[in-house]
Amino acid sequence: MTSLPTTKPEKKLGLVIDLDICVGCHACAVNCKEWNTGGHSAPLTDIDPYGADPNGVWFNRIHSFEVTNDEGEGRTVNFPKSCLHCEDAPCVTVCPTGASYKREEDGIVLVNADHCIGCKLCSWACPYGAREYDETAGVMKKCTLCVDKIYNPNLPEESRVPACVSTCPAGARSFGDFADPESDVSKLVASRGGFDLMPEQECKPTNKYLPPRPKKLGQAADDIQALTPIADNSAGVIARWIDKFLSA
Amino acid sequence: MHPAKSVIFFTTASGAGYGLLFFLLLGSLFGIIPGDFWFLFLSFGLAYFLITAGLLSSTFHLGHPERAWRALTQWRSSWLSREGVMAILTYIPSGLYAIFKLFLPETGGAAVAVLGVLGAIACIITVYCTAMIYASLKPVHAWANHYVPPGYLLLSAATGAVLVNCLMVLWRAEVFLPSWLAVLLLGASLFWKIRYWKFLDGTKSVSSPESATGLGEFGRVRLLEAPHTEANYLMKEMGFKIARKHAAKLRWITLLAGFALPLLLIVLSMNVTGGFAAFLVILSVASAAIGILAERWLFFAEARHTVGLYYGAEHA
Amino acid sequence: MNDRRPARDPRVDTALLVSDEVKTTTCYMCACRCGIKVHLKNNKIRYIEGNPDHPINGGVLCAKGSAGIMQQNSPAKLRKPLLRTGERGKGEFREIEWEEALSLATEWLQEARGTDPSRLAFFTGRDQSQSFTGWFAKQYGTRNFAAHGGFCSVNMAAAGLYSIGGAFWEFGEPDWEKTKYFMMFGVAEDHDSNPIKIGLGKLKTRGDAKFVSVNPVRTGYSAIADEWLGIRPGTDGLFVLSIIQELLKADKIDWNYLIRYTNAPWLVIRNPGAANDGLFARGDDGKPLMALKDKSIVSSETTDGTPVLVGEYKLPSGETCVPAFQIMAEKYLTDDYSPERAAKETGIDAATIRRIAAELAHAAFEEEITLDIPWTDWAGRKQDKMIGRPVSMHAMRGISAHSNGFHTCRSIHLLQMLLGSVDVPGGFRHKPPFPKPCPPGGGAAGKVTTANTPLNGMPLGFPTSPEDLIIDDAGNPLRIDKAYSWEYPIAAHGLMHTVIRNAWEKEGPEIDVLFMYMANMGWNSSMNVPDTVRYLTDKNEDGSYRIPKIIYSDAYYSETVPYADLILPDTTYLERWDCISLLDRPISTAHGPADSIRQPVVPPDRDVRPFQDVLLDLGARLKLPGFVTEAGDAAYPGGYADYMVNHERMPGLGPLGGWRNADGSGKGRGAPNPNQLKAYIDNGCFWIKPFTEEQSYYKFAGKSYLEEAVRMGWIGKADRVVMHIYSEPLQKFRLAAEGHGDIQPPEEMRDRLKNYFDPLPIWYKPFVEEAVDGDEYPLHAVTQRPMHMYHSWGSQNAWLRQITARNPLFISADLGHDMDIADGDWVWISSTHGKVKAEVKLMEGVNRQTVWTWNAIGKRKGAWGLKEDAPEATKGFLLNQIIPELLPPRADGYRYSNSDPVTGQAAWYDLRVKIEKCAAHECGETAPMMPSQNHLIGGPAPLDISRYGEDLKGSPSGMPSVRQKDWIGNREENAETAGLRPGHGNKVTAFEVEEKE
Ligand SMILES: Nc1nc2c(c(=O)[nH]1)N[C@H]1C(S)=C(S)[C@@H](COP(=O)(O)OP(=O)(O)OC[C@H]3O[C@@H](n4cnc5c(=O)[nH]c(N)nc54)[C@H](O)[C@@H]3O)O[C@H]1N2
Ligand SMILES: Nc1nc2c(c(=O)[nH]1)N[C@H]1C(S)=C(S)[C@@H](COP(=O)(O)OP(=O)(O)OC[C@H]3O[C@@H](n4cnc5c(=O)[nH]c(N)nc54)[C@H](O)[C@@H]3O)O[C@H]1N2
Ligand code: SF4
Ligand code: SF4
Ligand code: SF4
Ligand code: SF4
Ligand code: SF4
Ligand SMILES: [Mo]
């Protein structure tokens with residue numbers, strides 16, 4: 001059904017992305033591509049891979065932004081983004097064929113490639129740019145939350161998480177069930193003030209972002225004593241040491 | 001948004017087609033258009049041709065046209081699906097009505113009239129559904145606003161009226177009402193389009209780079225590096241950028257060729273007769289076609305998608 | 001409730017059989033050497049993931065590692081041995097059989113060896129088997145051997161080894177679990193790629209530590225730093241020394257640590273003008289002396305009494321001497337090192353410098369750590385606690401790639417020593433086999449070459465005085481790269497970047513054969529590319545090439561391949577055996593020694609051979625000692641795998657430490673074990689021997705560690721490692737320059753040696769900056785490594801190049817504003833040497849006087865299997881085009897290479913440039929544009945569309961789905977801050993992994 005699940009899903013699986021520690025290494029994006037090019041939506045086609053205009057299907061991408069405040073203080077923030085598995089997913093409701101759907105059991109938003117007509121409307125409806133048209137297959141593809149990995153009994157337990165999560169060298173990505181307020185991801189989001197992207201688009205994204213934390217800048221001013229010289233000049237300093245070590 | 005040729009042709013053609021069909025149905029119901037077989041045959045034929053060609057062309061840009069039928073299944077939530085369903089539904093009452101009028105002009109009476117009315121309503125609903133496909137796309141500020149559905153209806157009606165007027169002039173029928181209708185609708189469209197652009201130029205999407213990244217509390221957000229140095233699907237499809245100068249030119253073309261010129265030509269045509277009038281109204285159709293194509297192109301090209309906010313756009 | 005199995009969505013099979021087989025091996029998409037699990041399906045690679053048990057990466061995998069599949073599918077893979085048919089550089093070759101290639105190479109090498117083995121220059125680039133290739137060079141008999149260290153980061157290695165007995169690079173790491181204050185200097189990515197990311201993630205998540213990044217550019221790691229200091233390039237030394245001044249002035253130093261573990265108390269003779277001025281006062285046993293509180297002068301080995309760090313003492317000889325510490329303090333307490341002076345050069349204001357100094361002091365002394373770990377020091381003194389100063393530092397090429405890098409790096413080490421933070425809890429920690437004795441043992445490099453005879457030592461060594469130089473009687477360099485000459489006395493890694501020019505110039509030693517391996521010298525690892533390719537192609541009057549014969553082993557069609565006469569095509573890293581050995585650059589962590597192997601996981605689909613096999617074969621054909629049995633047969637007929645198992649450097653010590661002895665019981669030492677490789681494979685292709693707690697810190701002084709190090713063969717004797725704040729070897733070179741001693745430098749080099757062989761760290765303007773008109777060339781130009789690209793070899797990768805297929809020149813938004821340059825404008829970047837064209841990108845987070853770009857993205861047309869119109873060739877640019885390889889001429893016209901005067905480290909980041917907007921017609925394409933190199937002969941046409949994976953989806957297993965696993969990215973660290981369940985992420989705390997036997 002192209003309509004959203006009517007019952008509250010038992011699980012709301014999604015990701016937490018910590019912007020405080022993402023170093024922008026693209027590992028999650030490439031590992032995602034690697035898993036998924038042989039996965040549920042295989043292949044993640046690459047067009048002109050060795051030519052002038054290489055462009056392929058990616059489910060996850062890393063942007064980097066500079067943020068500058070009125071005082072001119074700036075920071076650089078690396079910003080990974082994949083499908084947010086929205087609760088009110090417009091990409092699902094616009095789909096004329098029912099190919100785009102949100103799973104009742106865990107809230108994962110998927111495309112049924114056998115039914116998709118490739119009208120691209122869902123990619124227009126997603127505010128986040130999380131849908132990927134595969135020109136050669138003529139169908140829409142997208143982040144599957146690694147549905148073929150996270151439940152797969154043929155993989156060792158450590159592997160049963162989204163590829164982007166287990167691969168992230170900085171540990172900036174977490175995965176879990178947001179329906180359960182006691183889950184680790186829910187607690188993490190609560191403790192770190194996790195937020196939604198573009199709440200005004202009213203998609204109720206499941207994935208949450210953790211904000212960069214305040215930089216520890218003013219430490220010296222607050223609780224660290226400025227250093228006080230033990231003497232005015234070099235000779236004085238050495239004389240003090242001589243006193244201290246030799247004349248006691 | 002990337003202005004895809006097939007989609008532009010689709011909205012122009014089928015928009016005009018539904019407008020034409022609508023006025024043919026009404027005109028026929030109220031006896032304003034000639035009841036003549038060939039007139040009806042050619043006019044309805046043209047309307048269905050435009051509608052069908054438009055619909056077909058819109059399936060060309062599908063990845064899997066052979067599965068297009070599946071698009072009829074999700075009418076409960078999807079405006080695209082509703083449009084598809086309505087497009088097909090519209091054929092039924094309007095088509096039956098046309099068949100009756102063409103081949104059994106004497107039969108039916110009220111029952112046939114009901115078909116006509118249903119057909120006309122279906123036309124409106126279909127165009128409305130088309131409009132709502134766009135108007136419901138929240139990420140596109142240029143589309144998701146109150147100007148778009150009336151705009152679609154107006155444009156469809158105006159182009160339909162221009163066509164009806166043209167057909168009737170060519171048929172040398174009495175055109176007082178159609179001509180004024182066309183003039184009125186063209187004027188209203190012109191007015192509406194200007195209002196729309198005013199709205200577009202004066203407002204921005206509620207979303208911004210700051211809300212898109214959630215980093216607003218730290219200051220102004222500016223893209224440093226995009227995920228890829230070369231354009232990806234999202235940028236090719238939704239990151240279309242049009243130069244301001246170019247857009248201004250096209251806006252003038254739209255206003256002049258799409259509305260002002262046809263309006264003038266039709267007013268002129270009312271004051272002349274015969275071949276010259278015919279020439280003027282044909283010109284009005286041609287001019288409107290060019291103008292509306294420009295308008296449709298702009299409708300896409302000027303529309304900014306929120307995804308652009310992740311790729312360096314300062315607003316959406 | 002929660003473990004109710006999800007209702008089955010019939011549209012997805014979530015239990016497909018992913019792979020037919022999973023093989024472990026070691027990644028080589030970069031030099032970090034993470035453990036990987038390669039999933040194979042239908043004989044193709046389905047998926048590569050990190051090995052969760054592996055000590056380096058604990059399950060994570062970076063972007064490069066994840067793109068291994070596409071490396072294997074590269075259109076640029078060499079396919080067969082190639083013999084040049086056209087002119088050099090044209091890329092015209094004939095495919096030949098291996099037998100022909102090997103006999104030809106043998107013939108060339110035999111000829112050189114029969115005359116003078118040093119007529120072979122064997123330079124091995126990004127070699128991970130240096131202990132093997134170095135051994136080949138030694139047995140062959142040439143002193144002209146080195147790998148890539150000289151153009152990479154020998155400044156860090158040498159400064160570290162001569163100061164603290166270990167180095168940054170990947171040879172040490174911050175105590176990520178305990179550090180409270182972490183300073184990172186000039187690192188964009190590092191060799192310790194994944195460990196640094198893992199560590200930073202932990203440190204940031206813990207939330208109780210401060211991370212300061214000193215870097216002209218605010219990207220990557222600097223982006224997540226708590227404080228970013230956008231320093232002006234080449235000035236870190238002064239910044240650090242001014243912090244040292246602050247600490248000295250405020251008496252915020254770890255006296256106890258300095259006394260016990262460094263040479264700060266050693267007495268230095270103060271006798272200006274004399275031959276022993278500045279040398280340590282030594283007792284009759286040759287041991288340095290120190291003074292005690294009671295003013296007695298005793299051997300520095302004495303453990304009774306309290307040594308002092310200040311005062312003036314008279315030796316029995318009547319000479320005056322003072323503790324090294326005092327000499328150091330006197331130097332840095334002068335105004336030359338004041339925060340105000342530093343502020344002028346560095347662009348970091350004095351108040352900030354003072355604040356950082358205060359923060360460091362606070363972290364080191366107010367947040368002292370004590371661990372209840374009893375330990376015994378080298379002298380047998382028992383201590384019940386381990387004191388930690390939770391300040392850690394890490395530095396890499398932003399420091400090393402300057403001509404003052406050696407001293408800058410030493411400044412950082414000095415700061416660490418003053419704070420007592422080397423190899424203590426919370427500080428910087430050595431990874432075994434480090435620390436090594438300081439200065440490093442092993443002595444001088446081999447010097448004497450004789451026809452058909454091995455070299456009289458290893459080709460690389462660690463000089464400690466002019467006697468160790470590799471020069472002729474006239475003082476001229478004997479090595480082709482001029483390493484260990486008066487020009488670069490402590491060139492511990494050689495100077496690969498000078499070889500091509502020197503071989504062409506023929507002013508020094510001459511060579512017949514240039515044999516290179518795994519280094520893209522025709523492009524991104526040379527300075528001055530236009531001239532470099534000229535040197536490679538220049539001819540003598542008789543029409544022969546000036547560099548007579550070039551043999552090269554690459555795996556891919558790089559820019560260097562066209563310049564070789566004979567190409568020995570290598571396999572990919574997934575197709576061969578390899579050995580990441582404790583004799584070389586092991587994968588050890590601070591938690592214990594480790595080594596690892598690569599095993600072939602897919603068979604090569606072309607006629608290529610592993611280079612190490614080829615080298616063994618050549619060695620056997622040349623009948624080199626050790627490569628053949630007494631009967632003259634190949635000693636390792638099984639190729640490199642055979643060598644890995646059976647070679648012994650010393651009895652019981654071989655390339656691999658794990659599972660030695662026939663029964664696998666040997667750890668580190670033991671007889672060869674025929675089943676060793678199987679044991680490695682069963683364990684995931686690595687071996688680790690975790691340290692005890694006591695061995696984990698204070699390794700330089702802890703008896704338990706030192707004894708273990710002897711057992712493992714890392715050091716000869718269980719003597720403590722004394723760290724050197726004052727470097728006597730440097731002083732010895734300076735004394736020579738002042739005219740003392742038998743071995744004297746040429747006149748025109750005396751000043752250089754006097755200036756730069758200061759036994760204490762100094763700061764001076766980088767050479768190019770000093771020489772170039774700062775008004776004309778007002779900007780610094782540097783590069784950074786993209787985290788997802790490995791030098792040149794990432795661009796052949798269909799996935800990685802989609803991330804970066806061209807490189808802009810990043811400049812500060814302010815500068816852009818002032819120069820009226822906007823995003824997307826094209827500019828000429830000019831140095832004294834030439835100009836190159838680039839597209840501009842403005843940014844805020846960059847030092848105003850610095851422009852930068854991503855390293856090695858620009859490519860030559862035709863290379864790497866890319867199409868001619870690839871953005872890498874048309875829009876991307878290579879900064880190396882305009883980096884001069886020589887410094888401006890000396891008074892007599894002689895030109896030194898653009899390198900550090902102590903170590904010969906290539907000074908890539910000394911470049912000074914100006915930028916000018918391009919004319920309208922010049923925009924859109926880079927310049928200079930070298931002509932296309934022919935496409936690889938016999939190579940596949942690059943695909944237009946790749947649908948890799950479409951046939952790898954896997955078949956239904958019929959098994960029911962299982963519950964998904966929650967995962968908290970920062971693991972234990974998150975648990976500490978948010979009350980979460982710990983330890984259900986990947987096994988990144990891999991040091992806890994017990995050896996599986
Ligand atoms: N401007 C500027 N220049 C720089 C630097 C900089 O920062 N800025 N950095 C410098 C530094 S630190 C370094 S280390 C150098 C690095 O530069 P290089 O050492 O040249 O590194 P790469 O270009 O990555 O690779 C070298 C060659 O190894 C080949 N290769 C890859 N895998 C294999 C294999 O399995 N077998 C064989 N036989 N060959 C293989 C590749 O095809 C390539 O031709 O660049 C230096 N140049
Ligand atoms: N992904 C990836 N990983 C790699 C490599 C790769 O090519 N790609 N190469 C490997 C190799 S060979 C090496 S040597 C290592 C090198 O690893 P890094 O040391 O991280 O090398 P660079 O990218 O050269 O980074 C140098 C940093 O120093 C900064 N810098 C430049 N000048 C100065 C200065 O004067 N002061 C300070 N404080 N900073 C300065 C630059 O802005 C840059 O951020 O990485 C290794 N790992
Ligand atoms: S992020 Fe986009 S694609 Fe994903 S669920 Fe939300 S709207 Fe749909
Ligand atoms: S492209 Fe496919 S999934 Fe997207 S709306 Fe159209 S039919 Fe649905
Ligand atoms: S959850 Fe899986 S599909 Fe989605 S971005 Fe992560 S790796 Fe890609
Ligand atoms: S892998 Fe982790 S650190 Fe790297 S870009 Fe992705 S989220 Fe950021
Ligand atoms: S850091 Fe990345 S490329 Fe380097 S060895 Fe590890 S996984 Fe491979
Ligand atoms: Mo390097």
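Letters go in sequence order (proteins before strands), and every chain restarts at 1. All values derive from a computational prediction rather than experimental measurement.
- In this structure the side chain of A:Ile62 never reaches within 4.5 angstrom of the side chain of C:Met787, judged on heavy atoms.
- For chain A, the nearby part of C:Gln796 is the backbone; its heavy atoms alone come within less than 4.5 Å.
- Neither the backbone nor the side chain of A:Ala113 comes within contact range of chain C, judged by heavy atoms closer than 4.5 Å.
- Between C:Lys965 and A:Glu158, none of the side-chain N atoms (NZ, or NE/NH1/NH2) sits under 4.0 Å from a carboxylate O, so this pair counts as no salt bridge.
- A perpendicular orientation is assigned to the rings of C:Trp255 and A:Trp241, their planes being inclined by more than 60° (bins at 30° and 60°).
- For A:Asp46 and C:Arg947, the salt-bridge test fails: no basic side-chain N is under 4.0 Å from an acidic carboxylate O.
- Heavy atoms of C:Ala225 lying under 4.5 Å from chain A belong exclusively to its backbone.
- Nearest heavy atom pair, residue C:Gly865 against residue A:Tyr50, reads O-CB, 3.9 Å.
- Within the 4.5 Å cutoff, the side chain of A:Arg160 has heavy atoms near those of the C:Val962 side chain.
- A:Asn31 touches chain C through backbone and side chain together, each having a heavy atom under 4.5 Å away.
- Side-chain atoms of A:Lys33 do not come within 3.5 Å of backbone N or O of C:Trp799 as any donor-acceptor pair.
- The nearest pair of heavy atoms linking A:Cys168 to C:Val60 is O-CG1, 3.6 Å.
- The backbone N or O of C:Tyr948 lies less than 3.5 Å from a partner atom in the side chain of A:Thr37, making a donor-acceptor pair.
- Inspection of the C:Gln964 and A:Lys149 side chains reveals no N or O donor paired with an N or O acceptor under 3.5 Å.
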**salt bridge (Lys or Arg N to Asp or Glu O under 4.0 Å) evaluation trace for A:Glu66 with C:Arg218** = CA-CA 10 Å; A:Glu66 286 192 321; C:Arg218 189 187 64 204; 3.5 Å; yes

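- Under the 4.0 Å criterion applied to side-chain N and carboxylate O atoms, A:Asp114 and C:Arg11 are not assigned as salt-bridge partners.
- Within 6.0 Å of CG on A:Asp232 lie no more than 12 heavy atoms contributed by other residues, nucleotides or ligands.
- Contact annotation for C:Lys953: both backbone and side-chain heavy atoms come within less than 4.5 Å of a heavy atom of chain A.
- In plain terms, the two heavy atoms of A:Leu188 and C:Asn974 that are nearest each other are CD1-OD1, 3.5 Å.
- Judged by distance alone, the side chain of A:Gln225 and the main-chain N or O of C:Ala358 form no donor-acceptor pair under 3.5 Å.
- Both the backbone and the side chain of C:Leu248 come within less than 4.5 Å of a heavy atom of chain A.
- In this structure, the portions of C:Leu866 lying under 4.5 Å from any heavy atom of chain A include both its backbone and its side chain.
- Looking only at distances, a side-chain donor or acceptor of C:Arg801 sits under 3.5 Å from a matching main-chain atom of A:Pro49.
- A donor-acceptor pair under 3.5 Å is formed between the side chain of A:Asn152 and the backbone N or O of C:Leu16.
- A 4.5 Å side-chain heavy-atom check between A:Val30 and C:Lys64 finds every atom pair outside the cut-off.
- Counting heavy atoms from C-beta outward, C:Asp966 and A:Val185 have side chains that stay 4.5 Å or more apart.
- Using a 4.5 Å cut-off between heavy atoms, A:Leu155 touches chain C through its side chain atoms alone.
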